[in-house]
Amino acid sequence: MASSDPPVIVLFDRDLRVDDNPALAKAAETGQPVIPLYVEDVDEAGAWAPGGAKKWWLHHSLEALGRDLKKLGAELVLRRGDTITIVSDIARKTGATGVYLCRGYEPWAPARERALNDVLGKDDITVTRTAGRLLIEPDQIRTKTGDVYKVYTPFWRAVSNAGVRTPVDAPHSLNGFAGKIASDTLADWGYLPTKPDWAEGFEDVWAPGADGGRERFAAFVDDAIADYDDKRNRPDLPGTSRLSPHFHHGEVSPARCWFAVLPLLDDKKTSKGAETFLKELVWREFSYHLLFNFPHLPVAPFREQFSAFPWRSDKTALKAWQRGRTGYPIVDAGMRELWATGWMHNRVRMIVGSFLTKNLLLPWQDGEAWFWDCLVDADLASNSASWQWVSGSGADAAPYFRIFNPVKQSETYDPHGDYIRKWVPELAGLETKQIHAPWDATASQLKAGKVSLGDSYPQPIVGHKETRERALAAYDKIKTSKS
Ligand code: FAD
């Protein structure tokens, strides 16, 4: 078909890739000119509009998507404002006959998709909604009694038995739209920090975009998947994939990864690691399943009894936690890794989460909000489900009374203290035996390590033993009420 034919619009969201993008593939199949569109609609997301770190990622991700689309023959259009108004305006001005999109799962997505359908339907413009972001649709999977899964293990079994969506290839080419459509300039959106440029460290670690994601996945399969089961809990080793920001932005398709990893289950060397990796992908699915079916998950406890939990308010303690100045080396290392790179190892996310909600007795929503602003993978489903898991208020959560001992966690998962040395360099001179709990070191050991507690590095802001007891007492107050 010639480019002067009426176009179709592809509305991108967290599916910033051309491979295995069913909405783009269906639009290309029409043979009509394709207008790829990305709308920044911050009002719709409200408090969950992208935080600082994610904006940095999004800038580079949109740039990469724009390049990939251009190679196929279409120009990415960027616009800011109300999604429905912008899509219908472009559709009417260009005479578009259809809009294609991969469906969303955030609490605002169903209303947006319904409104698009209603508004555009009046002009006979069809809206085609496809799957694309997940392995399986959250409304497709139910327990035998028709309920929503609230426990992970049967959910994992159900996903592996149900069969994952078959990925679709990228179109060979796209028919570009010949007319002129106004587009914003990405640089004008101000997604990159300037003064101060706190994202300097991000560039050494990350390569946003589908190519960066593909390379990371290939390197993980070649170098790390065989040992993934053994090493994934070790923040001092490169044992995990670090694909989470690529998955979050939809640059890497989880379905592609699923099918690429499946054959590794049959190889003795890789089978355990491959199975554990697939299980982690399903933890991501489980989070989406919960968010979709319980849209209040980001703001209210899943277990209602936690509404009465006596959380404290303590701005000084919260700030010490955010800045990595709690006096607990493993906690501080994690919080500093987060600040410097926009990411934190999963084991350490659990440790800092337990410390915030149990030792400091501060609400999980405080941690969720800080992570939201600092993580390049900040994901409404995984972040809220995981914070609720850590605090004990979530579905299939860590029991509240299981309170991590940060020193024991540190000794077990950072056995040589290398992770702490990297992120808390003022402790680097301590022997491994002392680095996990410097307050137990003798004066001469501290001197030899060039550490002055309360000066070069903080004294612990709370004691583990007494705050553990305080947390258990707080839990006692709510545990008799019904969940
Ligand atoms: P890998 O170990 O390589 O796992 C592969 C993929 O599986 C990950 O990329 C991720 O997509 C998924 N995955 C792994 N673990 C989990 C999990 N526990 N829950 C859900 N998905 C998982 N993950 C996010 O993507 N965004 C978040 O905002 C987020 N917030 C979190 C907050 C807290 C308090 C905790 C404890 C965990 C959070 N996680 C979040 C989950 C997990 O920590 C990250 O997905 C993981 O650390 C990413 O590293 P990776 O890609 O190397 O993971």
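Order of appearance sets the numbers: ligands from 1, and atoms from 1 within every ligand.
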Heavy atom of A378, distance to ligand 1 below 4.0 Å: yes
Criterion ring-ring contact (aromatic ring centres under 6.0 Å, His included) on H289 and W283, from CA distance to verdict: CA-CA 10 Å; H289 183 74; W283 268 108; over 10 Å; no
Distance from atom 45 (O) of ligand 1 to nearest protein heavy atom, with residue and atom: S244 CB, 4.0 Å
Intermediate values then yes/no, side chain to side chain contact (heavy atoms under 4.5 Å, CB included), K315 and L318: CA-CA 5 Å; K315 286 199 174 126; L318 179 61; 5.6 Å; no
Ligand 1 contacted by R242 (non-hydrogen, < 4.0 Å): yes
Distance from atom 29 (C) of ligand 1 to nearest protein heavy atom, with residue and atom: R349 NH1, 3.3 Å
Contact partition for F286 relative to ligand 1, non-hydrogen atoms under 4.0 Å: neither
Heavy-atom nearest neighbour in the protein, as seen from atom 3 (O) of ligand 1, with distance rounded to 0.1 Å: S241 OG, 2.6 Å
Sidechain N-carboxylate O distance under 4.0 Å for D227, K269: no
Ligand 1 versus W372: contacting region, heavy-atom distance under 4.0 Å: neither
Per-residue contact class, F277 against ligand 1 - non-hydrogen pairs under 4.0 Å: side chain
Under 3.5 Å: N/O of W283 near N/O of ligand 1: no
Ligand-side contact atoms (ligand 1) for residue partner M350, heavy atom cut-off under 4.0 Å: 36 (C)
Cationic N near anionic O, under 4.0 Å, R312 to D314: yes
Side-chain (N21) to main-chain (D15) donor-acceptor, under 3.5 angstrom: yes
Selection from V352, D377, V390 by shortest heavy-atom distance to atom 27 (C) of ligand 1: D377
Summary of salt bridge (Lys or Arg N to Asp or Glu O under 4.0 Å) pairs that have at least one residue in residues 397-417, sequence neighbours excluded: none
Element-labelled atoms of ligand 1 that are located less than 4.0 Å from some non-hydrogen atom of L243: 9 (O), 51 (O)
Salt-bridge present (D13, R112; N to O < 4.0 Å): yes
Test item: E113 and R103 side chains (from C-beta on) under 4.5 Å apart, heavy atoms: yes
Proximal ligand 1 atoms for W343, defined as those under 4.0 Å from one of its heavy atoms: 48 (C), 49 (O), 52 (O)
Nearest protein heavy atom with distance in Å, relative to atom 16 (C) of ligand 1: E280 OE1, 3.7 Å
Atom 42 (C) of ligand 1: the protein heavy-atom neighbour that sits closest, reported with distance to 0.1 Å: N346 OD1, 3.3 Å
Nearest non-hydrogen protein atom, atom 24 (C) of ligand 1: S382 CB, 3.5 Å
Pairs satisfying side chain to side chain donor-acceptor pair (under 3.5 Å), at least one member in residues 155-171, at least two apart: D20-R165, D169-R256
Y228 heavy atom under 4.0 Å from ligand 1: yes
Nearest non-hydrogen protein atom, atom 33 (C) of ligand 1: S386 CB, 3.4 Å
Mutual orientation of the aromatic rings belonging to H345 and W343 [parallel < 30°, tilted 30-60°, perpendicular > 60°]: perpendicular
Contact check, H248 vs ligand 1, heavy-atom distance below 4.0 Å: no
Which of the ligand 1 atoms, numbered from 1, are nearer than 4.0 Å to a heavy atom of R284: 11 (O), 20 (C), 21 (N)
Side chain proximity check, L281 to F277, heavy atoms < 4.5 angstrom: yes
From L243 atom CG to F247 atom CZ, the distance as rounded to the nearest 0.5 Å: 4.5 Å
